[in-house]
Amino acid sequence: MCYTVEEASLIDGMIQSYFAPRSVSEQVRLRYWETHCHLQQEQVGRSDLLNIRDALTFLAPVFQGNRQTQKEIWSIIAKTDALLSAAV
């Protein structure tokens, strides 16, 4: 697994909270559901890393009032970028 249990939980929680509800378009919901499944199976691939980076970058401004969450989000984004660079 490329993420710690805590990082994977944060990522998965955000995916389930913001990208899984029925109010989200089916295309987006399916895209992130696949990433959710891969996180659960500890088989995260390049497309999942791209989804994770996109999701966290999109959601980061929502948590501007919470410095700890912001720190964790940007840390995971940096780690995801490093994993993407290593996978090339």
Side-chain angles (χ1 to χ4, degrees):
M1 177 69 142
C2 52
Y3 295 106
T4 65
V5 172
E6 293 81 10
E7 291 167 338
S9 295
L10 178 71
I11 294 165
D12 201 36
M14 289 190 169
I15 286 173
Q16 289 186 39
S17 296
Y18 293 95
F19 299 102
R22 291 195 182 273
S23 59
V24 176
S25 75
E26 183 176 358
Q27 181 181 6
V28 171
R29 202 169 50 245
L30 292 175
R31 174 181 163 192
Y32 285 99
W33 182 254
E34 186 173 292
T35 296
H36 158 75
C37 291
H38 292 163
L39 275 168
Q40 297 298 310
Q41 299 164 355
E42 297 184 6
Q43 296 180 351
V44 176
R46 181 170 176 73
S47 64
D48 300 313
L49 293 172
L50 292 169
N51 286 342
I52 290 166
R53 183 181 63 188
D54 291 349
L56 294 180
T57 301
F58 177 78
L59 292 173
V62 173
F63 296 94
Q64 280 188 321
N66 187 325
R67 293 179 74 170
Q68 182 61 36
T69 302
Q70 275 281 303
K71 179 181 170 186
E72 291 170 8
I73 288 171
W74 287 108
S75 174
I76 295 170
I77 291 170
K79 185 174 192 174
T80 303
D81 284 339
L83 290 167
L84 283 165
S85 294
V88 172

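The first residue of the sequence shown is numbered 1, and numbering continues consecutively from there.
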Hey, could you give me the [atom1]/[atom2] distance between [X] and [Y], rounded to the nearest 0.5 Å?
X   : Y   : atom1 : atom2 : answer
I11 : N51 : CD1   : CG    : 11.0 Å
L49 : L84 : CG    : CG    : 4.5 Å
D12 : I52 : CG    : CD1   : 9.0 Å
E34 : H38 : CD    : NE2   : 4.5 Å
I76 : E6  : CD1   : CD    : 10.0 Å
R29 : R22 : CZ    : CZ    : 6.5 Å

I want to check something: taking the side chain as every heavy atom from C-beta on, are K79 and T4 in contact at a cut-off of under 4.5 Å? yes

Can you tell if the side chain of F19 reaches within under 4.5 Å of the side chain of L59, non-hydrogen atoms only? yes

Can you tell me how the ring of Y18 sits relative to the ring of F63, calling it parallel under 30°, perpendicular over 60° and tilted otherwise? perpendicular

Going only through I, L, V, M, F, W and Y residues with side-chain contacts under 4.5 Å, is there a path from [X] to [Y]?
X   : Y   : answer
I73 : V62 : yes
V44 : L30 : no
M14 : L50 : yes

Any salt bridge between R31 and D48, counting N to O under 4.0 Å? no

Mind checking what makes ring-ring contact (aromatic ring centres under 6.0 Å, His included) contact with W33, not counting sequence neighbours? H36

Closest heavy-atom pair and its distance - I15, Y32: CG2-O, 3.6 Å

Please report the closest heavy-atom contact between Q16 and P21, naming both atoms and the distance. O-CD, 3.8 Å

Over 12 non-hydrogen atoms of neighbours within 6.0 angstrom of CD in Q41: yes

Checking Q70 against N66: is there a side-chain donor and acceptor pair closer than 3.5 Å? no

For the residue pair S9 / Y3, report whether a side-chain donor-acceptor contact shorter than 3.5 Å exists. no

